[in-house]
Amino acid sequence: MLLLAWLIVYLGMMVGAFLWGGLADRMGRRQCLLISLSVNSVCAFFSSFVQGYGTFLFCRLLSGVGIGGSIPIVFSYFSEFLAQEKRGEHLSWLCLFWMIGGIYASAMAWAIIPHYGWSFQMGSAYQFHSWRVFVLVCAFPSVFAIVALNFMPESPRFYLENGKHDEGWMILKQVHDTNMRAKGFPERVFSVTHIKTPKQLDELIEIQSDTGTWYRRWLVRFTNIFQQVRSNFLQCFSIQYRRTTLLMMAVWFTMAFSYYGLTVWFPDMIKHLQMMEYSSRTKVFYKEKVEHFTFNFTLENQIHKNGDYYNDKFIGMKLKSVIFEDSLFEECYFEDITSSNSFFKNCTFISTLFYNTDFFDYKLMGCRMINSTFLHSKEGCQLDFSDDNNAYMIYFVSFLGSLAVLPGNIVSALLLDKIGRLRMLAGSSTLSCISCFFVSFGNNESAMIALLCLFGGVSIASWNALDVITVELYPSDKRTTAFGFLNALCKLAAVLGISIFQSFVGVTRAVPIMLASVALALGSYLALKLPETRGQVLQ
């Protein structure tokens with residue numbers, strides 16, 4: 001269930017990156033960024049309160065659409081305010097905030113989700129668990145960004161590219177005056193010595209008032225924008241940009257496939273090691289007979305086989321990793337039961353009453369019900385986070401993984417404008433490839449955590465370099481379209497990488513290591529085929 005929720009968000013990010021990236025080149029960076037952040041905030045808010053699992057996934061899908069749109073727009077928007085000699089450095093500092101966001105999310109998860117006492121319910125239909133508080137808290141930074149963005153101007157390059165020269169000059173003058181005051185030269189006057197005006201496309205479509213109803217006029221506008229976005233996207237594959245786009249597609253795909261695949265595989269492997277140790281302590285009970293007994297305590301990490309339970313009461317219990325197999329329950333009573341990772345397999349229930357329990361169909365595997373009744377079963381979104389045997393460790397691992405990229409961010413910020421984008425990209429990818437081979441030596445939790453931090457620390461510089469190269473390779477009228485498309489491809493590769501790597505957890509390490517290493521090596525080689533963009537003026 002959790003893996004599906006992750007994949008749904010990535011699917012939404014893939015759609016959002018392509019959608020908002022294309023629209024930002026036609027409607028403006030700031031406007032589209034505001035809309036995408038608003039979509040993320042609103043849908044994150046609703047996903048915190050909805051009760052149905054299908055509705056929750058739909059809200060997360062729409063939230064992903066908003067998140068995906070913000071990434072390509074932010075890099076393009078910020079880069080169009082930067083001087084060329086410091087562009088790589090400042091874009092790397094921008095990437096640092098992705099790390100800060102990861103630390104914030106993992107810290108909030110670490111602080112909030114394990115507190116199961118924070119939950120409450122209204123009847124049996126509405127339940128609000130601690131993980132819902134976490135989802136809500138994660139929407140706060142997006143709300144703050146919306147407020148801050150209202151005080152920021154549109155990209156001057158977008159204005160100039162679309163013929164709005166007065167608006168563009170006004171913003172550039174504000175930037176100039178602010179910088180000169182900061183440098184101690186407030187008397188310097190903003191002036192332009194050279195301007196290259198882009199050829200304007202005829203995009204005006206006259207819509208008569210008698211065209212029809214309001215929605216037909218909106219349909220004409222929508223069709224016009226769609227055609228413009230489609231034409232802009234196809235131009236990324238024109239003769240002028242075809243080779244660059246194809247190489248960028250390959251580099252983005254290989255890096256995302258290996259990076260996201262491994263970064264999700266590492267925590268899954270740590271959890272698998274924990275589960276192996278946890279399973280080694282499982283208590284097994286055979287053919288136990290219990291009559292006229294009241295169970296009102298927690299059962300954990302147990303297997304009960306071929307048991308007979310007659311006229312027993314199970315009241316106010318928590319079942320954690322408990323399995324009843326081939327057992328008989330006759331004239332029993334279950335009330336206020338909460339279970340996680342617990343199942344009944346091939347059991348028979350005779351004249352048994354279930355009241356306010358969460359024993360859904362998937363927890364009753366091959367069971368027979370004879371004259372048994374379910375009353376007021378628990379409803380709502382039953383996402384189960386309590387089956388983590390060491391929840392704090394999982395969130396702490398995520399926290400360390402986010403913090404581990406700090407050295408790589410600092411190195412890329414300091415060296416990206418000195419050694420060039422391609423050397424940074426290829427060098428970091430090569431080091432990431434080498435670090436993959438150490439994974440085979442990770443036989444315990446501590447070793448796997450250290451390897452996760454090592455891989456994240458050396459690979460982040462390649463992502464920073466790739467973001468900068470993507471911004472600098474395309475002109476202003478295609479920048480967010482190309483970035484959005486490549487970022488959508490990145491999310492597709494992430495979904496494939498996560499799905500494939502996760503299927504090998506507990507099976508073998510050789511395949512994930514080989515796949516990640518080959519992908520990184522190929523990406524590093526192809527990156528050297530790209531043109532160097534250091535010192536290049538944005539087109």
Side-chain angles (χ1 to χ4, degrees), residues 1-15 53-54 56-57 60-61 64 68 250 252-280 282 321 323 340-343 345 362-363 365 382-385 387-391 393-395 397-398 401 429 432-433 435-445 447-456 459 488-523:
M1 292 173 69
L2 293 180
L3 178 62
L4 178 59
W6 273 102
L7 295 181
I8 284 291
V9 173
Y10 275 105
L11 178 61
M13 293 175 70
M14 180 176 66
V15 175
Y53 185 56
F56 172 79
L57 289 181
R60 297 311 298 166
L61 175 67
W252 272 88
F253 188 91
T254 53
M255 286 187 56
F257 178 82
S258 56
Y259 178 80
Y260 286 101
L262 278 183
T263 51
V264 174
W265 180 78
F266 272 114
D268 284 344
M269 277 298 299
I270 294 172
K271 186 175 179 180
H272 173 71
L273 293 174
Q274 290 178 335
M275 288 298 295
M276 289 180 61
E277 193 274 335
Y278 186 73
S279 299
S280 67
T282 301
S321 301
I323 296 177
S340 64
N341 196 31
S342 298
F343 305 94
K345 298 181 178 180
Y362 74 91
K363 296 184 178 183
M365 303 178 179
Q382 300 294 327
L383 287 181
D384 183 13
F385 287 87
D387 62 344
D388 290 336
N389 301 305
N390 194 344
M393 176 60 73
I394 295 297
Y395 307 131
V397 168
S398 179
S429 297
S432 301
C433 178
S435 69
C436 289
F437 289 101
F438 292 99
V439 175
S440 57
F441 300 104
N443 296 319
N444 54 61
E445 293 178 27
M448 293 300 291
I449 293 172
L451 290 169
L452 169 63
C453 295
L454 174 64
F455 178 75
S459 62
L489 184 67
C490 164
K491 296 304 178 287
L492 175 61
V495 170
L496 292 176
I498 292 172
S499 302
I500 294 173
F501 282 48
Q502 200 267 347
S503 65
F504 289 101
V505 172
V507 179
T508 179
R509 300 185 189 186
V511 175
I513 294 173
M514 182 184 67
L515 289 176
S517 300
V518 170
L520 287 169
L522 180 61

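Along the sequence shown, residues carry numbers from 1. Note that the structure is a prediction, hence the values are computed from the model and not measured.
One distance of note links CD1 of Ile513 with SG of Cys433; it measures 11.5 Å at 0.5 Å rounding. Summarising the geometry, atom CE belonging to Met13 is positioned 13.5 Å from atom CD1 belonging to Ile8; distances are rounded to the nearest 0.5 Å. Once rounded to the nearest 0.5 Å, the distance linking CG of Leu515 with CZ of Phe504 reads 6.5 Å. Here Ile498 contributes atom CD1 and Leu262 contributes atom CG; the two are 11.0 Å apart, rounded to the nearest 0.5 Å. Trp252 contributes atom CH2, which lies 7.0 Å from atom NZ of Lys491 (distance to the nearest 0.5 angstrom).
Among residues two or more places apart in sequence or in another chain, the side-chain contact (heavy atoms from CB on, under 4.5 Å) test is passed with Ser342 by Leu319, Val322, Ser339. Under the rule for a ring-ring contact (aromatic ring centres under 6.0 Å, His included), Trp265 has no partner lying at least two apart in sequence or in another chain.
Between Phe501 and Val264 the shortest side-chain heavy-atom distance does not fall below 4.5 Å. A 4.5 Å side-chain heavy-atom check between Thr263 and Phe455 finds at least one atom pair inside the cut-off. Here the side chains of Tyr259 and Ser432 are not in contact, with every heavy-atom distance at 4.5 Å or above.
Nearest heavy atoms, Thr254 versus Ala519: CB-O, 3.3 Å. Between Leu520 and Cys436 the shortest heavy-atom distance is CD1-SG, 3.8 Å. Between Cys490 and Ala256, the closest heavy-atom pair is O-CB, 3.4 Å.
Not one N or O on the side chain of Ser279 forms a donor-acceptor pair closer than 3.5 Å with the backbone of Met276. No donor-acceptor distance shorter than 3.5 angstrom exists from the side chain of Ser499 to the backbone of Leu496, with no hydrogens or angles considered.
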